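To find a chain, count down the sequence lines: A is the first, B the second, and so on, and within it residues start at 1. Everything numeric in this text was worked out from a predicted model, so none of it was measured.
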Amino acid sequence: MSEYLLELDQVTKLYGTVIGVNDFSMQLKPGAYGLLGPNGAGKSTLLNLLIGQLVPTRGTVRVLGENPRNNMRLLKKLGFCPGFEGLYSSTTGLDWVRLLLQLHGVAHSPATERAVECLKLVGMEHAMNRPIASYSRGMRQRTKLAQAIAHRPELLVLDEPFSGLDPVGRAEMTDVLRDWIGQGHSLIIASHVLHEIEALTDSFLLICGGRLLASGTASEVNELLFDTPSEIEIDCSQPHQLAGALMQEELATSVVVEKQLTGGERLHVRTLRAGTLCSRLPQISTAVGVSITRMVSADDSLQALFNSLLKIHRGEL
Amino acid sequence: MNSLIAIYKFELKRILTPGRSFWWLIVAAFPVVITAMMTQYMNFSRSGLAPDEIGFFFTIAIYFLAPSIACMLGVLLTAAPTVATELEQHSWIYLATRPNGLFYLLVGKYLVAVTWASSATILGICVAVPLSRVYHKFDTMIALCGLSVCSAFAYAALYMMIGTLFHARAMVFCVVYTGAVELFLAMFPAVVNRMTIQFRLRSLLANWISIPEQFDRPELYMYIASDESAVLQLMWLLALTAVFLSVSFASVQVREFTTAAESEL
């Protein structure tokens, strides 16, 4: 048995001429990992490669030491919760989870008991005998999670499991998954929302454009991003003085001062060394006698972060 | 086996909707209504045909209406969209990530299609034959019911194979194939018609019913049916069914059915 949970060696997946996953290599030991990337980054393709639904055009994929394609033995150890719904609307949640358990060879009675247990675990005991058509989006997500964990897999692969859940539902689902991880099981969770993953694990895989851009803990990723180009908005008492000081220190490549509707002024700074700027800003502002009331990243979207990582990956930065 | 029974029961429960039940009744009623109209409105008194010849005519008519058309239509409605419906509603992945899940899905749906279509056809035959002027009613009824079961098993396998290979346009391909091969080529007086299900069913019909003496000459029907034994015809049907099902199973194992491609691009 391999010591690695996942081993991907130069994996490329092409859909015709379009690249889904591009030269992806990684080795992960058992544990919980968050697969983070914007929409269309290749997360679902990667997950489908891991569960054996797709065959890599190039390279090799091994999950728990085995090739996942048409691997019956491995499928018993995998639990998968896809990003889309795909539940039969006329069926009850209990019937659905029980059927999927029975496909693992579990007899009717034990399958019923286990299905009820799992549906209770995800907070669906009150609705499990109702047709799925009457379920809300969040209830369907819970039912999907129940079917994924019902056969007690070693590795749980979840694609956007929090989608459609209300805050209470998210918190409950997070608790279920934390318990799952706490029991020593492995988890791969894909999302495009950072805080959803942060609540579960500190290990990230950041992908964009089908490439693995970075991996590691949040602090390791932050270190990587320390000196990446970014745009910063600063609300302060004397923006022109601060702009001049930043230019003099060669910490900004461009500065713009704009009037606010409220009457104040806001400084827009474009920098190639965001980390250095942030660490030196207190000293500079004290020196020029400027008081800063607000400072935010102007391009704090995840896509901007990924664009920076992509440039680092290409060697453009 | 437990998995197969589970999916068979599950699919059977799913198919028992008011809409599907209405179609089941339509399939069952089709041979009954046509036979009743033929009995009522066709005037055989002036045809000069003997009663056994009239009975033979009705037997052939019910064969075409029930095991041939109704049963074919029944399995077309149920077996052909097996893969397409699962892919369209994104339920495929749940079954594909179960050990042998796709095999059980196909076999379960196949057996449900056979049950659904053959039960409707058998009901139709059991009502149509007594209404008709078939000469040996009980024997003919048993023969036609047997043919319905054979027809359902063979056509369900055929349509499942087409539906698996061309899931995006399953119904269209099935209808085109049926028209071109099972209805046209099967009547073509050449060796090629021996590869069709229709030819084997007709040959079984020739074996299982009593043919009036004046028609019981193999040279009369040698191009549209075989005078070889019923066992041989059944072996042919079994072989065709096995081939069709094997292609279906191989297809779902080899091909990549996933929605990732669409959602990612």
Side-chain angles (χ1 to χ4, degrees), chain A residues 13 15-16 18-21 39-49 51-55 68-91 95-108 111 144 147-148 151 153 157 159 210, chain B residues 1-21 81-109 112 167 248-265:
Chain A
K13 178 62 190 173
Y15 299 114
V18 179
I19 295 178
V21 165
N39 290 325
K43 299 190 296 294
S44 295
T45 300
L46 185 62
L47 296 188
N48 274 287
L49 286 165
I51 60 167
Q53 290 307 299
L54 291 176
V55 185
R69 181 68 178 166
N70 291 330
N71 189 329
M72 301 306 127
R73 197 173 48 213
L74 182 65
L75 285 177
K76 288 184 180 174
K77 301 177 195 170
L78 284 182
F80 181 59
C81 180
F84 41 77
E85 285 185 359
L87 305 172
Y88 297 129
S89 54
S90 60
T91 308
D95 282 350
W96 175 233
V97 177
R98 177 172 49 211
L99 171 77
L100 294 173
L101 260 175
Q102 285 180 290
L103 284 175
H104 278 280
V106 184
H108 185 271
K144 279 164 56 185
Q147 64 79 32
H151 58 288
V157 180
D159 192 0
Chain B
M1 201 60 188
N2 179 44
S3 303
L4 183 58
I5 293 168
I7 204 150
Y8 176 75
K9 283 161 81 176
F10 184 82
E11 289 295 332
L12 202 59
K13 201 172 162 185
R14 280 186 69 211
I15 208 168
L16 295 175
T17 60
R20 292 289 190 117
S21 301
T82 295
V83 174
T85 49
E86 298 297 325
L87 286 175
E88 277 166 20
Q89 61 187 6
H90 301 305
S91 47
W92 181 266
I93 192 80
Y94 296 99
L95 301 153
T97 49
R98 259 67 198 177
N100 288 318
L102 295 179
F103 171 80
Y104 291 126
L105 173 76
L106 290 193
V107 178
K109 289 207 171 219
V112 167
H167 61 86
S248 306
F249 298 145
S251 174
V252 295
Q253 288 298 314
V254 172
R255 292 171 67 188
E256 295 170 273
F257 295 99
T258 176
T259 49
E262 295 88 47
S263 62
E264 286 291 314
L265 302 178

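- The shortest side-chain heavy-atom distance between His90(B) and Pro82(A) does not fall under the 4.5 Å cut-off.
- Ile93(B) has its side chain within reach of Ile51(A): a pair of non-hydrogen atoms, C-beta onward, lies under 4.5 Å apart.
- Side-chain atoms of Gln102(A) and Ser3(B), non-hydrogen and from C-beta on, never get closer than 4.5 Å to each other.
- Using modelled atom types, one side-chain atom of Asn2(B) and one backbone atom of Val106(A) make a donor-acceptor pair closer than 3.5 Å.
- The nearest pair of heavy atoms linking Leu100(A) to Leu95(B) is CD2-CD2, 4.1 Å.
- With a 4.5 Å cut-off on non-hydrogen atoms, Glu86(B) touches chain A through its side chain but not through its backbone.
- Taking OG from Ser91(B) and CH2 from Trp96(A), the interatomic distance works out to 6.0 Å, rounded to the nearest 0.5 Å.
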>> Applying ring-ring contact (aromatic ring centres under 6.0 Å, His included) to Phe10(B) and Tyr88(A), what does each step give before you reach the verdict?
In response: CA-CA 11 Å; Phe10(B) 184 82; Tyr88(A) 297 129; 5.6 Å; yes

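- Expressed to the nearest 0.5 Å, how far CG of Leu87(A) lies from OH of Tyr94(B) amounts to 4.5 Å.
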> Which is it for Arg69(A) and Glu256(B) under the salt bridge (charged side-chain N to carboxylate O under 4.0 Å, His left out) test, yes or no, and what are the steps along the way?
Replying inline: CA-CA 10 Å; Arg69(A) 181 68 178 166; Glu256(B) 295 170 273; 5.7 Å; no

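- If you tally non-hydrogen atom pairs under 4.5 Å between each of Leu101(A), Leu78(A), Val55(A), Leu75(A) and chain B, the highest count goes to Leu75(A).
- For Lys9(B), the side chain to side chain contact (heavy atoms under 4.5 Å, CB included) partners at least two apart in sequence or on another chain are Ile5(B).
- Remark: side-chain polar atoms of Thr97(B) are not paired, donor with acceptor, to backbone N or O of Phe80(A) under 3.5 angstrom.
- Taking each heavy atom of Met72(A) and Asn100(B) in turn, the nearest pair found is SD-N, 2.9 Å.
- To the nearest 0.5 Å, atoms CD (Gln253(B)) and CG (Asn70(A)) are separated by 4.5 Å.
- A side-chain donor-acceptor contact under 3.5 Å links Arg98(B) and Gln147(A).
- Counting only heavy atoms from C-beta outward, the side chains of Leu99(A) and Ile7(B) approach each other to under 4.5 Å.
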